[in-house]
Amino acid sequence: MDSETAAKRIFAAIRAIPRGEVAGYGEVARRAGLPGRARLVARLLGENEDPKLPWHRVLRSDGRIAFPEGSKGWREQSQRLRAEGVKVENGRVRGQRAAPTVDEQIWGPAD
DNA sequence: GTTCTGACTGCGA
DNA sequence: GTCGCAGCCAGAA
């Protein structure tokens, strides 16, 4: 598929993340039909300007924010997550995880 | 064409 | 829990 379509799918997958929940880069990429393109997701988020896009719900596989602590994006993401009811401690997300085990739980059993 | 860099991931110590 | 290393893909120089 074209990179444009890939980006479109990725954005759709991110928008599909329910409020108060989080997902990992790898998860988003996989759900978008682009397994192994976690880095592409990160890149797109960096270029993205859509305020409607819940990019702050995208975390690393560790369940932590991808930014270094103290960064502007780091603060913004952690603050937004807390505003949605997600507990964030020192850059780590509590209560939820970006593990693939919850994929059907947040995405649904079927497409 | 090659080389670097990166909001990544998984595994082992 | 943390740290280091190798593998990985995509875009920019």
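Residue numbering restarts at 1 for every chain, and letters A, B, ... go by the order of the sequence lines.
A salt bridge between A:Asp62 and A:Arg60 is present, with a side-chain N of the basic residue lying under 4.0 Å from a carboxylate O of the acidic one. A salt bridge does not link A:Glu27 with A:Arg31: none of the charged nitrogens is closer than 4.0 Å to a carboxylate oxygen.
Counting only distance, with no hydrogens or angles, the side chain of A:Ser71 and the backbone of A:Phe67 share no donor-acceptor pair below 3.5 Å.
Among the heavy atoms of the strands lying under 4.0 Å from A:Gly26 are primed sugar atoms or P, OP1, OP2 only; no base atom is included. Using a 4.0 Å heavy-atom cutoff across all strands shown, A:Trp74 reaches no nucleic acid atom at all. Among the atoms of the strands shown, base atoms are found under 4.0 Å from some heavy atom of A:Arg39.
The two residues A:Ala38 and A:Ala29 make their nearest non-hydrogen contact at N-CB, 3.9 Å. Summarising the geometry of A:Leu34 relative to A:Ala6, their closest heavy-atom pair is CD1-CB, 3.3 Å, with the distance given to 0.1 Å.
Going from atom CD1 of A:Ile10 over to atom C1' of B:dC8 covers 13 Å, rounded to whole Å. The distance from atom CG of A:Leu45 to atom C1' of B:dG6 is 13 Å, rounded to the nearest whole Å. Distance A:Arg43 CZ to B:dA7 C1': 11 Å, rounded to the nearest Å. For A:Leu59 and B:dT9, the CG to C1' distance is 14 Å, given to the nearest whole Å. Between A:Asp62 atom CG and B:dG10 atom P the separation is 9 Å, expressed in whole Å. In this structure, A:Asn48 atom CG and C:dG11 atom C1' are separated by 17 Å, rounded to whole Å. As rounded to whole Å, 7 Å separates atom P of B:dG10 from atom CZ of A:Arg30. The CD atom of A:Glu76 sits 16 Å away from the P atom of B:dA7 (whole-angstrom rounding).
Of the candidates B:dA7, C:dG11, B:dT9, B:dA7 carries the atom nearest the A:Gln77 side chain, counting heavy atoms from C-beta on.
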Name the pairs: protein N/O against N/O of nucleotides 1-3 of chain C, kept only if under 3.5 Å.
unit_1, atom_1, unit_2, atom_2, d
C:dT2, OP1, A:Arg64, NH2, 3.3
C:dT2, OP1, A:Arg92, NH2, 2.7
C:dT2, OP2, A:Arg64, NH2, 2.2

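Between A:Ser71 and B:dA7 there is no side-chain N or O to OP1 or OP2 distance below 4.0 Å.
Donor-acceptor pairing under 3.5 Å, judged by distance alone, is absent between the side chain of A:Arg37 and the base of B:dC8.
Taking the side chain as every heavy atom from C-beta outward, A:Ile14 and A:Leu45 approach each other to under 4.5 Å. Residues A:Gln77 and A:Trp55 meet the side-chain proximity criterion, which asks for heavy atoms closer than 4.5 Å.
Toward the 5' end of DNA chain C, the nearer of the two residues A:Pro35 and A:Glu47, judged by each one's closest nucleotide, is A:Pro35.
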